[in-house]
Novice: 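First the structure, then my questions, so here it is.
A, B, ... follow the sequence lines: proteins, then strands. Residue 1 opens every chain.
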Protein chains: 2
Amino acid sequence: MTLGQTRTAAIPTIKRLPLYLRSLRDLQVQGEAFASSAALAKELMLDPIVVRKDLAITGVVGTPRRGFPVDALILAIMEFLGWSNTTDAFLCGVGSLGRALLGYEGFQLYGLRIVAAFDANPDKIGTKEHGVKIFDVRKMPTMIERMHIQLGILTVPADAAQSAANTMIAAGIRGIWNFTPVKLEVPDTVVIQRVDLASSLAVLSHRLAAQAAGCPLSPG
Amino acid sequence: MTLGQTRTAAIPTIKRLPLYLRSLRDLQVQGEAFASSAALAKELMLDPIVVRKDLAITGVVGTPRRGFPVDALILAIMEFLGWSNTTDAFLCGVGSLGRALLGYEGFQLYGLRIVAAFDANPDKIGTKEHGVKIFDVRKMPTMIERMHIQLGILTVPADAAQSAANTMIAAGIRGIWNFTPVKLEVPDTVVIQRVDLASSLAVLSHRLAAQAAGCPLSPG
DNA sequence: TAGATTGTTAATCGATTAACAATC
DNA sequence: TAGATTGTTAATCGATTAACAATC
């Protein structure tokens, strides 16, 4: 079944694509034209078979004895992820985490540009943070509509998360990158991706405990 | 095979434990003594079977018709994750992300306390951020040894990541929570857990693209 | 050509889901 | 007791790993 240009891919594969992208960009800077699955696998501590299977979804074919063309692969991965064309996003909640994300310059590599931030605190409204202007959160809906913003970054306190998400969605946001610990209830036309520090720390804590108990686990 | 107190558990299960913890704490505040797998599942949009299987690794048994005892379950999950006793951690790299983590009060719920921060910038050394003192990074090794710190939080720029990790490990750190995009090379006695924003954004981007192409995906 | 590397098809492994007996 | 909910055993599903033919 053909679904337009978007082929369905496994989540683990999609999570690895940015890792390849980073390695490939390093190789590109070093002037390498080709990268073998073995070389990429070694750098990322993966199996070469995983690399070949993952890269297959980009449609780029490698050549035996040489590997995969670096430039073409970078373009194909970015295209696949929709990172070729910059996506404009709004950030809601300029606390310490919100500020940190506004200051993160790496997002441009992922085709993401935070064009405005919003907060309820009058002291913050009208100021700038890392070059991004902070607006009154009450202006967010009209600005989302007017600028056709599709992606929202949610960095408000937990108790304001669901309400802010509702506002975003009502105004037409299609995806929310959720940095709060709240499980948002949203219509299934809206995509939610949560960054869960607690889950990450849980895995670390458990692996530390397992190590201490003398049972070395494989890297997760 | 008994491996001390630590039972081996699936990574997906471990990642879900903090979610249960959060829901259970809410229920505890509401005065609920018992929680059924169905109730927890509904709140977290999971299958009740998943909940029961996950909770089984804590050793807490539920009672038919009532569910699981909330208080006991909270304690058991925290114990399982090693969050009952506070873990002292050092943070290395007080950029915008480092500052954000220093300001995050939620960590105490996860048994984590950042007791000192380190940076190479003389302007930052000697100051405090969110109540945590910032020291010269050159003092980090001796302080790790003296205070028997086991956990390091890495928020330095990418090009300083491997070197800072080496320093931490040489001084006796056993686990690193890695917020840089660098794949660290470490001895396998050291546990690394990476928080990868790019992977998270990749999944979001891909799901948005899939939605746009008219093929709704199940939540990941 | 010989040999290394790709891409694909099959086998394994592990997590999720289903079915159902046990029990309060 | 009847009925709801647990816990376990089996079935399904999907990702990883292995095997190997194709090809430069």
Side-chain angles (χ1 to χ4, degrees), chain A residues 1 7-17 19-20 23-24 27 32-70 72-73 76 199 202-203 206-207 210 215 217-220, chain B residues 1 7-17 19-20 23-24 27 32-70 72-73 76 199 202-203 206-207 210 215 217-220:
Chain A
M1 46 176 170
R7 239 171 302 179
T8 313
I11 298 284
T13 293
I14 294 165
K15 285 190 174 173
R16 284 190 294 263
L17 289 179
L19 305 180
Y20 300 128
S23 290
L24 288 164
L27 290 168
E32 300 286 340
F34 288 86
S36 72
S37 61
L40 285 169
K42 195 187 170 193
E43 179 134 340
L44 298 168
M45 287 186 274
L46 297 170
D47 194 294
I49 302 171
V50 172
V51 176
R52 290 204 295 277
K53 211 148 207 191
D54 285 346
L55 298 184
I57 64 164
T58 66
V60 174
V61 289
T63 51
R65 292 273 294 161
R66 276 200 254 178
F68 296 86
V70 170
L73 207 43
S199 289
V203 175
H206 179 262
R207 289 170 66 201
C215 96
L217 294 173
S218 59
Chain B
M1 45 174 171
R7 238 171 302 178
T8 312
I11 298 283
T13 293
I14 295 165
K15 286 190 173 174
R16 284 189 293 262
L17 288 180
L19 305 181
Y20 300 129
S23 290
L24 288 164
L27 291 168
E32 300 285 340
F34 288 87
S36 72
S37 60
L40 286 169
K42 193 187 169 193
E43 180 135 338
L44 299 168
M45 288 187 275
L46 298 170
D47 193 295
I49 302 170
V50 171
V51 176
R52 291 205 294 276
K53 210 145 206 191
D54 286 346
L55 297 184
I57 64 164
T58 65
V60 174
V61 289
T63 51
R65 293 273 295 161
R66 277 201 254 178
F68 296 87
V70 170
L73 207 44
S199 289
V203 175
H206 178 262
R207 289 170 67 202
C215 96
L217 294 174
S218 58

Novice: For A/Arg66 and for A/Ile49, locate the closest nucleotide of DNA chain D by heavy-atom distance; then report the residue assigned to the nucleotide nearer the 5' terminus.
Specialist: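 Checking each residue's closest nucleotide, the 5'-ward one belongs to A/Ile49.
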
Novice: B/Arg52 has an atom CZ; how far is it from atom P of D/dA4, in whole Å?
Specialist: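 In whole Å, D/dA4 P lies 14 Å from B/Arg52 CZ.
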
Novice: Measure across B/Asp54 and B/Leu17 and return the closest heavy-atom pair with its distance rounded to 0.1 Å.
Specialist: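 Closest heavy-atom pair between B/Asp54 and B/Leu17: O-CD2, 4.5 Å.
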
Novice: Assign B/Thr13 to base, sugar-phosphate, or nothing according to its heavy-atom contacts below 4.0 angstrom with the strands shown.
Specialist: nothing

Novice: Taking only the side-chain heavy atoms of A/Pro12 (C-beta and beyond), determine which of D/dC24, C/dT17, D/dA15 contains the nearest atom.
Specialist: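 Minimum distance to the A/Pro12 side chain belongs to D/dA15.
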
Novice: Please report the shortest heavy-atom distance between A/Leu24 and A/Ala35, naming the atom on each side.
Specialist: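 Scanning both residues, the minimum pair turns out to be CD2-CB, 4.1 Å.
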
Novice: For the side chain of B/Asp47, counting heavy atoms from C-beta on, which of D/dA18, C/dT17, C/dG7 is nearest?
Specialist: C/dT17

Novice: Heavy atoms only: give me the nearest A/Thr63-A/Phe34 pair and the separation to one decimal.
Specialist: OG1-CE2, 4.0 Å

Novice: From the options D/dT6, C/dA18, D/dT17, select the nucleotide whose nearest atom is closest to the side chain of A/Val50.
Specialist: D/dT17

Novice: Taking only the side-chain heavy atoms of A/Arg65 (C-beta and beyond), determine which of D/dT16, C/dT17, C/dA4 contains the nearest atom.
Specialist: C/dA4

Novice: Side chain of A/Lys53, heavy atoms from C-beta onward: which of C/dT9, C/dG7, D/dG7 has the nearest atom to it?
Specialist: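 Side chain of A/Lys53 sits closest to C/dT9.
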
Novice: Between B/Ala72 and B/Val60, what is the shortest heavy-atom contact and its length?
Specialist: O-CG2, 3.9 Å

Novice: Quick one: which of C/dT6, C/dT23, C/dA18 gets closest to the side chain of A/Pro64?
Specialist: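 Selected nucleotide: C/dT6.
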
Novice: Only pairs with both distances under 3.5 Å count, Watson-Crick or wobble alike; so what is the partner of D/dA22 in this structure?
Specialist: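 Pair assignment: D/dA22 / C/dT5.
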
Novice: Which nucleotide, in any strand shown, forms a Watson-Crick or G-U wobble pair with D/dC13, with both distances under 3.5 Å?
Specialist: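 Paired with D/dC13, as far as the under-3.5 Å criterion goes, is C/dG14.
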
